[in-house]
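Scroll down for the structure; my scribbles are underneath it.
Computation of the quantities below employed the complete heavy-atom set of this structure, encompassing side-chain atoms and omitting hydrogens, waters and symmetry-equivalent molecules. No experiment lies behind these values; they were computed from the predicted model shown.
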Amino acid sequence: MAKIKIVTDGTADIPPELARDLGIEVVPLLIHTEDKIYRVGVDISDDHLYDMLMSNHPRFKVASPSMAVFEQLYRRMVGEYDYVYSIHLSNHLGNIYGNALQARSKLPASNTRIELVDSKSASAGLGSVVLAAAQATHDGASPEEVGNLIGAMVRHTHACFFVDTMEHLEAAGRLTITGSVLGSMQRIKPLMILDEGEIVPYERTRTRAKAIEGLFTFIEDFPRVQEVIVLFATTPEDVEKLLEKVEPIFPREKVQIARFGPSIAAHLGSGAMGVVVFEGFDE
């Protein structure tokens with residue numbers, strides 16, 4: 001049986017204990033603050049980072065793992081595994097995938113096949129793909145089966161979210177929105193989706209209540225729904241409002257609730273909420 005390893009990055013927002021149980025290698029993001037560099041989830045806790053985020057820490061900056069970090073990791077895995085599936089944050093949202101791609105190009109020829117995957121997603125959207133691949137690997141799936149599953153999960157996993165202010169997303173420079181449209185969106189709480197990995201407007205809403213209603217509508221519009229994940233940054237009290245709306249169309253006890261990891265929340269700002277929908281397979 002082929003030895004398979006699943007690799008991802010810290011933007012997948014996978015609980016550490018679950019990553020350990022399924023043997024997932026998570027490459028941590030970096031936090032630059034003052035004269036120190038921390039590895040998220042290794043040298044500094046999520047709670048500490050959220051405290052820094054909420055206090056508007058002046059030197060709080062998130063950075064991607066470097067090409068050298070990925071190269072060192074892949075070299076360690078060469079010869080130990082037959083297949084490595086390295087699944088990462090959408091290439092439109094950061095340079096993690098690009099750094100991993102450069103790292104792979106520097107490896108010597110070997111029998112280890114390293115497959116890089118652009119998840120076209122982030123946070124729990126990326127995490128859902130990674131967890132499905134890791135579970136299949138744990139259950140003895142073949143490399144071809146794991147690869148096919150990853151591709152299908154990417155196609156059928158969808159994300160929608162809103163933010164309290166566009167300030168953080170605009171500063172990150174990852175919006176596929178013209179300046180005039182962006183200006184008009186500053187006064188509202190727009191719903192946005194990830195379309196082929198890019199952030200694009202989905203619906204204009206002027207209040208938080210309407211934005212939460214929009215998240216429900218996003219879920220409701222799918223003809224079939226197999227999994228729902230509700231994400232929040234700093235407003236867990238709003239989760240219940242969304243669950244009350246979702247309950248008539250999807251069992252609330254099956255809805256997963258998670259907090260955006262601090263590296264994602266840093267780009268969304270406090271008050272952000274979102275949902276991830278896995279619609280299941282029909283192909």
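A salt bridge links E213 to K245: one of the charged nitrogens lies within less than 4.0 Å of a carboxylate oxygen. A salt bridge links R75 with E71: at least one charged nitrogen is closer than 4.0 Å to a carboxylate oxygen.
Distance check: N99 CG to S66 OG gives 7.0 Å after rounding to the nearest 0.5 Å. Between the NZ atom of K5 and the CD1 atom of I114 there is a distance of 13.0 Å, given to the nearest 0.5 Å. Interatomic distance, CD of E115 versus CD1 of I150, reported as 8.5 Å (0.5 Å rounding). Rounding to the nearest 0.5 angstrom, the gap separating the OG1 atom in T11 from the CG atom in L126 is 5.0 Å. Remark: H138 NE2 to I6 CD1 distance equals 12.5 Å, nearest 0.5 Å. To the nearest 0.5 Å, atoms OG1 (T137) and CD1 (I4) are separated by 4.5 Å.
Partner of E279 under the side chain to side chain donor-acceptor pair (under 3.5 Å) criterion, chosen from R155, Q226, H158: H158. The side chain to side chain contact (heavy atoms under 4.5 Å, CB included) with D9 is formed by just one residue from the set V40, V26, L29; it is L29. Of the candidates F161, Y202, F162, F218 forms a ring-ring contact (aromatic ring centres under 6.0 Å, His included) with just one, namely Y202.
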- Task: For E25 and R76, run salt bridge (Lys or Arg N to Asp or Glu O under 4.0 Å): C-alpha distance rounded to whole Å, both residues' side-chain angles, the deciding distance at 0.1 Å, then the answer.
- Result: CA-CA 12 Å; E25 184 81 31; R76 174 163 59 83; 3.4 Å; yes
- Message: Checking V200 against L194 for the side chain to side chain contact (heavy atoms under 4.5 Å, CB included) test, could you report, in this order, the C-alpha distance in whole Å, the side-chain angles of both residues, the deciding distance, and whether it holds?
- Response: CA-CA 6 Å; V200 298; L194 289 176; over 6 Å; no
- Item | Test side chain to side chain contact (heavy atoms under 4.5 Å, CB included) applied to V228 and V225, step by step | CA-CA 7 Å; V228 175; V225 175; 3.4 Å; yes
- Task: Please report the C-alpha distance between V154 and S121 in whole Å, then the side-chain angles of each, then the deciding distance to 0.1 Å, and finally whether the side chain to side chain contact (heavy atoms under 4.5 Å, CB included) criterion is met.
- Result: CA-CA 8 Å; V154 170; S121 194; over 6 Å; no
- Task: Take N111 and D82 through the side chain to side chain contact (heavy atoms under 4.5 Å, CB included) test and state the conclusion after the steps.
- Result: CA-CA 7 Å; N111 291 328; D82 301 303; 6.0 Å; no
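Ring pair F281/H156: centre-to-centre distance below 6.0 Å.
The side-chain contact (heavy atoms from CB on, under 4.5 Å) search around E220 returns F216, I249, not counting sequence neighbours. Partners of V27 under the side-chain contact (heavy atoms from CB on, under 4.5 Å) rule, at least two apart in sequence or in another chain, are V7, P65, V69, F70, L73. Applying the side-chain contact (heavy atoms from CB on, under 4.5 Å) test to S90 and every residue at least two apart in sequence or in another chain returns H92, L93, D118. Here R39 pairs with P28, L30, V42, D43 under the side-chain contact (heavy atoms from CB on, under 4.5 Å) rule; sequence neighbours left out.
Environment of CD in E144: sparse, with no more than 12 heavy atoms of neighbouring residues, nucleotides or ligands closer than 6.0 Å. Within a 6.0 Å radius of CG in D139, more than 12 heavy atoms belonging to other residues, nucleotides or ligands are found.
Looking at every heavy atom in both residues, A136 comes nearest to L149 through CB-CD2, 3.6 Å. Across A122 and I264, no two heavy atoms sit closer than the pair CB-CD1, 4.2 Å. Minimum interatomic distance between V230 and M273 (heavy atoms only, all atoms of both residues): CG1-CE, 4.3 Å. Heavy-atom minimum distance, L191 versus C160: CD2-SG, 4.0 Å. For the residue pair N91 and G98, the shortest heavy atom distance occurs at OD1-N, 3.9 Å. When all heavy atoms of K210 and T205 are compared, the closest pair comes out as O-CG2, 3.6 Å.
Taking the side chain as every heavy atom from C-beta outward, Q135 and L22 approach each other to under 4.5 Å. Using a 4.5 Å cut-off on side-chain heavy atoms (C-beta onward), Y83 and T112 make no contact. Under the 4.5 Å side-chain criterion, counting only non-hydrogen atoms from C-beta, L231 is not in contact with V275. Taking the side chain as every heavy atom from C-beta outward, T157 and V277 never approach each other to under 4.5 Å. M192 places none of its side-chain heavy atoms less than 4.5 Å from the side chain of E203. No side-chain heavy atom of I229 sits under 4.5 Å from any side-chain heavy atom of V255.
For residues 225-262, no pair satisfies ring pair (Phe, Tyr, Trp, His ring centres under 6.0 Å), with sequence neighbours left out.
When hydrophobic clusters are built by joining Ile, Leu, Val, Met, Phe, Trp and Tyr residues whose side-chain heavy atoms come closer than 4.5 Å, directly or via intermediates, L243 is grouped together with I212. Residues L101 and M77 share a hydrophobic cluster, clusters being chains of Ile/Leu/Val/Met/Phe/Trp/Tyr side chains in contact below 4.5 Å.
Looking only at distances, a side-chain donor or acceptor of S119 sits under 3.5 Å from a matching main-chain atom of H88. Checked by atom type and distance alone, the side chain of S123 never pairs as donor or acceptor with a backbone atom of G125 at under 3.5 Å. Under a 3.5 Å cut-off, the side chain of D13 and the backbone N or O of G261 do form a donor-acceptor pair. Between the side chain of Y81 and the main chain of R113, no donor-acceptor pair closer than 3.5 Å is present.
Remark: the Y74 side chain and the S86 side chain contain an N/O donor-acceptor pair separated by less than 3.5 Å.
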Compile the donor-acceptor pairs under 3.5 Å between side chains in residues 233-240 and protein atoms, sequence neighbours left out, one pair per line.
residue : atom : partner : partner atom : Å
T234    : OG1  : G271    : N            : 2.9
T235    : OG1  : R208    : NH2          : 2.8
D238    : OD1  : K241    : NZ           : 3.0
D238    : OD2  : R208    : NE           : 2.5
D238    : OD2  : R208    : NH2          : 3.1
E240    : OE1  : R252    : NH2          : 2.7
E240    : OE2  : R252    : NH1          : 3.3
E240    : OE2  : R252    : NH2          : 3.0

